[in-house]
Amino acid sequence: MKINRGRILITGGAGYIGSHTALQFKELGWEVAIVDNFSRGNRDIVARLALPVFEENIGDSAAMERCLREFRPDAVMHFSAFAYVGESVTEPRQYYENNVEFTVNLLNTMLNNDVGAFIFSSTCATYGVPASTPITEKTPQHPINPYGRSKMFIERILEDYDAAYGLRSIVFRYFNAAGAHSSGLIGERHAPETHLIPVAIHAAVEKKAMAIFGDDYPTPDGTCVRDYIHVADIADAHARGASALLSGSNSDVFNIGNGSGYSVREVIREVEEVTGLTVPFQTHPRRAGDPPALVASSQKLREQLGWQPRYPSLRSMVESAWAWYQIDRENQGHGFN
Ligand code: UDP
């Protein structure tokens, strides 16, 4: 597939998936600018990308208008969002404000400034508890937490905006992002860090028990099953999607996953093998909003956009997360509970 390049504005470029994608676009020769308000992104990580940054809130329409006028992007790629399933259950207001209201403001500002291409970070959480696996893009969406609902609402709004205003979009539904950039320059750093792989690595290093949230799910070992996907492979899908939009492709939706499910216990075992350490854990009650199993079919992404994951093995994801953890050791400690 021929890769087109253009000018792309990346919201949430200081976050985990946003920063890896921004770096990949830069490496591919795109003109990239980032918008981030640093409410959850990392200043030092984005500084390493050496890209222009607009420190603005995407909910601030006047500020976003200035960004669009100054940078004149061909497309906007929208990562900035709150993305903790558990938090969305206790703080839904924040999720609907940030993920829905502010995104609609951004879309409206794009329309007002004639930017007609949008790449949207959606999630497997929009599927809820799927009737069957693997999950395809046609699997009905019945999200079971506010995070998933907030993303699904934007997907519906994008359909309406395309039909009414011709705003073309590519929606990517991510499964579980993992790993770090191969250069060691950037990686995953959340505060708080709640994601399974970094939490398990931290538990092993600190010799402090982590929680397994539920071991009574209807899965082979009773713990939740997820489809882990390397962040570099997510970034690559975005390059293909953005390129297709610039060539005039229609709006579309793609899952990004590997099609292999791993249970929480299997991930913990992998972390033990990679680090050579023991991961101490205790079983806790189920975490609110967690479906038992989410495994993707990414056949559509492979067939239509020619995507091939470069790092499909759980081993390669855990190895790169472990390498990054050791590089970023000082910072990592702050984000863990
Ligand atoms: N999980 C866990 N203990 C932790 C963090 C996560 O048991 O400290 C489980 C979580 O309940 C889910 C899976 O690991 O079943 C992946 O969770 P994560 O937060 O990494 O990603 P999510 O699936 O919520 O996007």
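In this text, all values refer to a predicted model and were calculated from it rather than measured experimentally. No hydrogens, no waters, no symmetry mates; every other heavy atom, side chains included, goes into these values. All residue numbers refer to positions in the sequence shown, counting from 1. One-based numbering, in listed order, for ligands and for the atoms of each.
- Residues Arg315 and Glu270 are paired through a salt bridge, judged by an N-O separation under 4.0 Å between the basic side chain and the carboxylate.
- For atom 5 (C) of ligand 1, the closest non-hydrogen atom on the protein side is Thr194 O, 3.2 Å.
- The ring of His190 has its center closer than 6.0 angstrom to the ring center of Tyr16.
- Under the 4.0 Å criterion applied to side-chain N and carboxylate O atoms, Arg40 and Glu87 are assigned as salt-bridge partners.
- Judged by the 6.0 Å distance and 45° axis criteria, Arg226 is not positioned over the aromatic ring of Phe175.
- Comment: Arg43 does not engage Asp36 in a salt bridge, judged by the lack of any side-chain N to carboxylate O separation of less than 4.0 angstrom.
- Ranking the protein heavy atoms by distance from atom 9 (C) of ligand 1 puts Val264 CG2, 3.7 Å first.
- Of all the atoms in ligand 1, the ones that sit under 4.0 Å from a non-hydrogen atom of Asn176 are 16 (C), 21 (O), 22 (P), 23 (O), 25 (O).
- Considering backbone and side-chain atoms together, Leu196 places an N or O closer than 3.5 Å to an N or O of ligand 1.
- Among all protein heavy atoms, the one lying closest to atom 15 (O) of ligand 1 is Cys224 CB, 2.9 Å.
- His238 has its ring centre less than 6.0 Å from the ring centre of Tyr174.
- Atom 19 (O) of ligand 1 has Arg287 NH1, 3.2 Å as its closest protein atom, hydrogens excluded (heavy atom only).
- Protein heavy atom in closest approach to atom 11 (O) of ligand 1: Asp290 OD2, 2.6 Å.
- Contact between Tyr228 and ligand 1 is present, with at least one heavy atom of the residue lying under 4.0 Å from the ligand.
- Inclusion of Phe213 in the set of residues having an N or O under 3.5 Å from an N or O of ligand 1 is warranted.
- Nearest heavy atom pair, residue Ile10 against residue Ala22, reads CD1-CA, 3.6 Å.
- The N/O atoms of Ala211, backbone and side chain alike, include one that comes under 3.5 Å of an N/O atom in ligand 1.
- Of the charged side-chain nitrogens involved, at least one lies within less than 4.0 Å of a carboxylate oxygen, so that Arg240 and Asp236 count as a salt-bridged pair.
- Nearest residue to atom 8 (O) of ligand 1 from Val267, Ile212, Leu294, Val199 is Val199 (criterion: closest heavy atom).
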